[in-house]
There are 2 protein chains.
Amino acid sequence: MNKIPFPVIHRLSYVFEILNKLEEQGIKKVSSAQLGKYLGQTAHTVRKDIHFIGIAGTAGTKYDIAGLKTLISRHLGFGIPKKSCIVGLGKLGSALLEYTLAIPQGAFRIVAGFDSNINRVETIHTPIELFPAYRIEETVKRLQIELALIVVPPQQAQEAADRCCDGGVTGLLNFTPTVIKPKRDGIFVRSIDISGELRILAALAYTTTIMNE
Amino acid sequence: MNKIPFPVIHRLSYVFEILNKLEEQGIKKVSSAQLGKYLGQTAHTVRKDIHFIGIAGTAGTKYDIAGLKTLISRHLGFGIPKKSCIVGLGKLGSALLEYTLAIPQGAFRIVAGFDSNINRVETIHTPIELFPAYRIEETVKRLQIELALIVVPPQQAQEAADRCCDGGVTGLLNFTPTVIKPKRDGIFVRSIDISGELRILAALAYTTTIMNE
DNA sequence: TATTAAATGTGAATAATGGAACAATTTATG
DNA sequence: CATAAATTGTTCCATTATTCACATTTAATA
Ligand SMILES: NC(=O)c1ccc[n+]([C@@H]2O[C@H](COP(=O)([O-])OP(=O)(O)OC[C@H]3O[C@@H](n4cnc5c(N)ncnc54)[C@H](O)[C@@H]3O)[C@@H](O)[C@H]2O)c1
Ligand SMILES: NC(=O)c1ccc[n+]([C@@H]2O[C@H](COP(=O)([O-])OP(=O)(O)OC[C@H]3O[C@@H](n4cnc5c(N)ncnc54)[C@H](O)[C@@H]3O)[C@@H](O)[C@H]2O)c1
């Protein structure tokens, strides 16, 4: 199997999301140009990305949505949803819990939540199981959880991530404004830094202001 | 002025954040190697990024934190905080409101919030002013707000963004899982798609599983 | 059926990015 | 004062990513 460049994985996973939505609307076919429009990319890019994972259509015809979904699923592993957990059930964590449970799709499924504050574990109402933080490693192992959302205070982020790594997760999604390091090779970390994004936006608006003069 | 590549702006804005934290701790000097460690980047990259915006230190000595902050501020526009607003004060929006207000730094400052539900506008307690959604355009104009966080349901996202554009914002930070288009040229959009990020993480973990065989 | 339009697959060209090397400079030290 | 160590500025090269061009194929239409 060929190595797929990261930007391609990134875009294809969004293509998958778009295909899901189109299919929900009863649409059966879609062109690279249409997909490009949804993604904010050119049709060229879309075709080339798809080309990385094989042949998805036939020249002259649009892509068959069901077929393309299958192809992407097979290459990106969206067939069996990855079991996931949320660590830290504060203001953001509990919002995320509710939000992610409401998203129906094939890539991931939240199956557990953790908080060091036993009070939160006992008072939050949700269909999934919640545990105190000292049980992270044990539970991640037992349920074979693969992904973890880290939503604890920044000072606790690395420690919480470490426990998840010890339990055997393969991916961490970090919501704290700190850099967290995976404990072993083969564990991926992605970070969502909201204040960082705002800072970037502020910078972008400014640099073009200059450039336009 | 030279055009600064986007990845450089991205990283430099994080450097700025790190410098703030170090300065808070009373630290006065920092090397490219140290900054690289905080960023998860090499010292080479850090030096090269800084090189894009000018000369920040002298060979043989570490960077002076105050001086480097000034240089980045000048080029990325972090001197005067950009006035910002939050549109949509639901579960996520109100968490973001509280969170962003607690971050002290120079790039942005939240000054207003909007919601179409008058009840939310009246019941949320916060030091900043809240307005009903029909007053977005007027208020953004009056207060000269430059950035907007879009935190409304996906179906309302484009419309909410349009109102902000009409008011004159220069940047949109989109939290909804949809693509929103700026109404005019010169308005930047960045999106934070949480379920998208989870999907990417799921895909990453999977592709390496394959690659390792 | 012939022709036109629309669509994909694919290789090549171009552009952007990242990484590495090294000269130049300062500080520390004996 | 001389030397060694540490550190930045800057150029060059390799790699990666994007854009483009076009051959090929299908569907629609007159
Ligand atoms: N609230 C936001 O809108 C927002 C936005 C962006 C980023 N963040 C980041 O997300 C993180 C959480 O923010 P929040 O506003 O939800 O904070 P919060 O204080 O409301 O929640 C944090 C939760 O983590 C729990 N916790 C603490 N240590 C823990 C541990 N070791 N293991 C498990 N749980 C632990 C706490 O009991 C608490 O319930 C912070 O790092 C914050 O910087 C928050
Ligand atoms: N909750 C989460 O953890 C989470 C995570 C990721 C993304 N999101 C996205 O963020 C958005 C908001 O999510 P939420 O959970 O806070 O939803 P929510 O329903 O709790 O809040 C939405 C708020 O927007 C207001 N609103 C609706 N139309 C509006 C308009 N035209 N102008 C101004 N305000 C308007 C509503 O009155 C409500 O208060 C959604 O698009 C959701 O997909 C949410």
Side-chain angles (χ1 to χ4, degrees), chain A residues 2-15 18-19 22 27-72 75 200 203-204 207-208 211, chain B residues 2-15 18-19 22 27-72 75 200 203-204 207-208 211:
Chain A
N2 285 338
K3 192 178 172 320
I4 306 173
F6 174 76
V8 175
I9 293 182
H10 191 144
R11 286 190 297 261
L12 282 178
S13 81
Y14 282 97
V15 169
I18 291 164
L19 294 175
L22 292 175
I27 299 170
K28 297 258 186 294
K29 301 256 170 196
V30 69
S31 70
S32 56
Q34 288 172 292
L35 284 174
K37 213 155 191 189
Y38 288 116
L39 284 168
Q41 299 280 343
T42 69
H44 292 127
T45 306
V46 173
R47 287 206 298 280
K48 184 115 198 211
D49 285 349
I50 292 171
H51 184 59
F52 268 100
I53 58 171
I55 294 175
T58 47
T61 67
K62 297 184 173 186
Y63 293 107
D64 175 66
I65 289 182
L68 186 49
K69 270 186 62 178
T70 307
L71 187 71
I72 294 177
H75 279 81
I200 291 168
L204 279 178
T207 51
T208 46
M211 278 158 55
Chain B
N2 285 337
K3 193 178 171 321
I4 305 172
F6 174 76
V8 174
I9 293 182
H10 191 144
R11 285 190 297 263
L12 283 178
S13 81
Y14 283 99
V15 169
I18 292 164
L19 294 176
L22 292 175
I27 299 171
K28 296 257 185 297
K29 301 256 170 195
V30 69
S31 70
S32 55
Q34 287 172 294
L35 284 173
K37 213 156 190 187
Y38 287 116
L39 284 167
Q41 299 279 343
T42 69
H44 291 129
T45 305
V46 173
R47 286 206 299 280
K48 187 142 182 203
D49 285 349
I50 292 171
H51 183 59
F52 269 99
I53 57 171
I55 294 175
T58 47
T61 67
K62 297 185 174 187
Y63 293 107
D64 175 66
I65 289 182
L68 186 50
K69 269 187 61 179
T70 306
L71 187 71
I72 294 177
H75 278 82
I200 291 168
L204 279 178
T207 51
T208 46
M211 279 157 56

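What you see below is based on every heavy atom in this structure, not just the backbone, and it leaves out hydrogens, waters and symmetry mates. The structure displayed is predicted, hence computed values, not measured ones.
- Mapping B:Thr58 and A:Thr61 onto DNA chain C by nearest heavy atom places A:Thr61 closer to the 5' end of the strand.
- Looking at heavy-atom distances under 4.0 Å, A:Ala43 makes no contact with the nucleic acid at all.
- Contacts of A:Ile50 with the nucleic acid, taken as non-hydrogen atoms under 4.0 Å apart, are absent.
- Phosphate contact (OP1/OP2 of C:dG9, side-chain N/O of A:Tyr63, threshold under 4.0 Å): present.
- Within 4.0 Å of B:Ala56, counting heavy atoms only, lie sugar-phosphate atoms of the nucleic acid but no base atom.
- Taking every side-chain heavy atom of A:Pro7 into account, D:dA17 is the closest of C:dG18, D:dG9, D:dA17.
- Remark on DNA chain D: of its neighbouring residues A:Arg47 and A:Gly60, the 5'-side contact belongs to A:Arg47, judged by nearest-heavy-atom nucleotide.
- Contact check, B:His51 against D:dT10: a side-chain N or O comes under 4.0 Å of OP1 or OP2.
- Of the candidate nucleotides D:dG9, C:dT8, D:dT18, D:dT18 has the atom nearest to the side chain of A:Arg11.
- Listed nucleotides D:dA17, D:dT8, D:dT10 differ in distance to B:Ala59; the shortest reach to its side chain belongs to D:dT8.
- As a whole-Å value, the separation of A:Ile9 CD1 from D:dA17 C1' is 14 Å.
- The base of D:dT19 lies close enough to the side chain of A:Lys48 for a donor and an acceptor atom to sit less than 3.5 Å apart.
- Here A:Thr45 does not reach the OP1 or OP2 of D:dA17: none of its side-chain N or O atoms lies under 4.0 Å away.
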